[in-house]
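Here is the structure we will look at, set down as C-alpha cells.
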Amino acid sequence: MEYYSSHISNLIEQLSRLPGIGAKSAQRLAFHIVNMSSEQVRQLADSMLDARNNIQYCKSCCTLTDQEFCPICSDSRRNPRVIMVVENPRDLAAYEKTGKFDGVYHVLHGAISPMLGIGPDDIRLKELMRRLQNNEVDEVIIATNSSLEGETTAMYISKLIKPSGIKVSRIASGVPVGGDLEYIDEVTLLRALEGRVEL
Ligand code: ZN
C-alpha cells in the first residue's frame with residue numbers, strides 16, 4: 001500500500017540515493033522540502049544544478065574546480081616536483097588548512113577496495129601515472145587514509161611507481177587507524193607529513 005503520493009515517494013527515493021541518507025532521513029528531508037516555499041526550493045535545486053554543471057576535474061591533479069586547472073596547480077609558488085596523493089578533495093582541503101605543504105596534490109576520488117569491487121581502474125590512478133611520465137617529479141607522498149582500503153591503495157601505488165626510481169613515501173601513522181583525514185586536527189596531520197617514511 002502506498003502511504004504517500006507518488007510525488008513524495010519519488011522525492012524520498014531520489015534523496016535516499018545520496019550517501020549517508022537512510023530511509024528515515026530521506027523521508028524527513030522530503031517532508032521538509034515540500035513545506036519550504038517554492039522560492040527556497042528553486043534556489044536549492046538551482047544551486048545543485050549550478051554546482052554540477054560548472055564543476056570539472058582539474059586537468060592536472062583531478063580535484064574539483066571551476067577552471068581547467070585548479071588554483072593550486074596554477075600557483076607558481078607551489079613545487080610541482082612533490083606530489084601528495086589523497087583520496088578525495090576533502091583530504092586535500094585538510095592538508096591545505098595546515099598551510100605547511102607547498103607541493104601539489106593528486107586526488108584519486110576513492111580507494112581500491114576488493115570488497116566493494118573498486119579496482120585500480122575505478123580511481124584516478126592512470127592520470128597520476130601519466131603525470132609522472134610527463135613531468136619531472138622528485139617525490140610522491142601517499143596520504144591515503146589508514147583504513148584497509150587506504151593501505152591497500154598505498155601499497156598498490158608504491159609498487160607501481162617504484163620501478164621509475166621516483167621516491168615514494170607514506171605519511172606516518174599517528175593518524176589513527178581507520179581515521180578519516182578530514183576529521184584529524186592540523187597538528188596531527190603535520191606530524192604525519194613530517195614523519196613520513198620512504199616505501
Ligand atoms: Zn589541480
Side-chain angles (χ1 to χ4, degrees), residues 18-20 46-113 116 118-147 149-158 160-161 164 166-172 175 178-186 188-190 192-194 196 199:
L18 297 172
D46 282 354
S47 64
M48 284 197 260
L49 278 173
D50 185 59
R52 179 61 189 86
N53 292 337
N54 291 298
I55 295 284
Q56 51 184 316
Y57 294 104
C58 169
K59 285 231 165 77
S60 179
C61 73
C62 298
T63 196
L64 297 172
T65 176
D66 49 10
Q67 293 139 6
E68 201 176 354
F69 293 97
C70 75
I72 296 171
C73 291
S74 325
D75 188 343
S76 59
R77 288 164 302 182
R78 308 292 294 233
N79 176 7
R81 300 175 73 106
V82 178
I83 299 178
M84 189 193 294
V85 179
V86 293
E87 288 184 23
N88 56 57
R90 298 188 308 273
D91 294 343
L92 180 157
Y95 267 102
E96 272 308 278
K97 249 192 265 167
T98 69
K100 292 281 163 57
F101 177 66
D102 68 351
V104 292
Y105 296 90
H106 189 86
V107 181
L108 294 172
H109 294 280
I112 298 170
S113 172
L116 296 172
I118 301 170
D121 289 341
D122 300 313
I123 58 177
R124 302 262 165 167
L125 201 51
K126 273 196 297 287
E127 287 84 348
L128 174 65
M129 298 315 289
R130 207 176 304 138
R131 233 176 131 182
L132 297 180
Q133 267 169 16
N134 299 337
N135 299 281
E136 294 268 335
V137 174
D138 297 329
E139 183 179 3
V140 174
I141 302 169
I142 305 178
T144 51
N145 292 337
S146 53
S147 59
E149 291 79 14
E151 293 299 345
T152 307
T153 308
M155 282 304 127
Y156 188 89
I157 296 177
S158 131
L160 218 53
I161 298 178
S164 70
I166 298 170
K167 182 179 171 190
V168 186
S169 58
R170 174 89 174 108
I171 54 167
V175 176
D180 257 342
L181 284 186
E182 57 175 320
Y183 298 123
I184 293 160
D185 70 86
E186 290 161 30
T188 312
L189 275 184
L190 272 182
L193 177 59
E194 279 158 8
R196 65 184 182 272
L199 292 177

Query raised in the report: Taking all non-hydrogen atoms of both residues, which atom of Pro80 and which atom of Val137 are closest, and how far apart?
Result: O-CG2, 4.3 Å
Query - Minimum-distance pair of heavy atoms, taken over all atoms of Ser74 and Phe69 - result: OG-O, 3.4 Å
**Report entry** Met84: which of Val104, Ile142, Leu193 passes side-chain contact (heavy atoms from CB on, under 4.5 Å)
**Finding:** Leu193
Query raised in the report: Got a donor-acceptor contact below 3.5 angstrom from the His106 side chain to the Val140 backbone?
Result: no
Report summary line: Value for CG (Leu108) from OG1 (Thr153), rounded to nearest 0.5 Å, stands at 7.0 Å
Query - Distance in Å, Glu68 CD paired with Lys59 NZ, rounded so as to fall on 0.5 Å steps - result: 3.5 Å
Query - side chain to side chain contact (heavy atoms under 4.5 Å, CB included) between Asp122 and His109, worked out - result: CA-CA 9 Å; Asp122 300 313; His109 294 280; over 6 Å; no
Query - Leu128 CG to Gln133 CD distance, which is reported to the nearest 0.5 Å - result: 10.5 Å
Report task. Of all the heavy-atom pairs spanning Ile171 and Arg196, show the shortest one and how long it is. Result -> CA-CB, 3.9 Å
Report summary line: Checking Ile141, Thr144, Ile157 against Arg170 for side-chain contact (heavy atoms from CB on, under 4.5 Å), the one that qualifies is Thr144
Report task. List the steps, then state whether side chain to side chain contact (heavy atoms under 4.5 Å, CB included) holds for Thr63 with Val86. Result -> CA-CA 10 Å; Thr63 196; Val86 293; over 6 Å; no
Query raised in the report: How close do Leu125 and Pro120 get, heavy atom to heavy atom, and via which atoms?
Result: CB-O, 3.8 Å
Report summary line: Nearest heavy-atom contact between Arg124 and Tyr57 is NH2-CE1, 3.3 Å
Query raised in the report: Any sub-3.5 Å donor-acceptor pair from Asn135's side-chain atoms to Arg131's backbone N or O?
Result: yes
Query - Asp75 side chain vs Arg77 backbone, donor-acceptor pair below 3.5 Å - result: yes
Requested in this report: Using the side chain to side chain contact (heavy atoms under 4.5 Å, CB included) rule, take Lys167 and Asp138 through it: C-alpha gap first, then chi angles, then the decisive distance, then the call.
Outcome: CA-CA 6 Å; Lys167 182 179 171 190; Asp138 297 329; over 6 Å; no
Query - Main-chain N/O of Ser169 paired to Glu139 side chain as donor or acceptor, under 3.5 Å - result: no
Report summary line: CD1 (Ile72) and CG (Asp102) are apart, to the nearest 0.5 Å, by 11.5 Å
Query - Closest non-hydrogen atom pair between Arg78 and Tyr105, with its separation - result: NH2-CE1, 3.6 Å
Query raised in the report: What is the distance from atom CG of Asp66 to atom SG of Cys58, rounded to the nearest 0.5 Å?
Result: 11.0 Å
Requested in this report: May I have the step-by-step check of side chain to side chain contact (heavy atoms under 4.5 Å, CB included) for Ile118 and Glu149, ending in yes or no?
Outcome: CA-CA 10 Å; Ile118 301 170; Glu149 291 79 14; over 6 Å; no
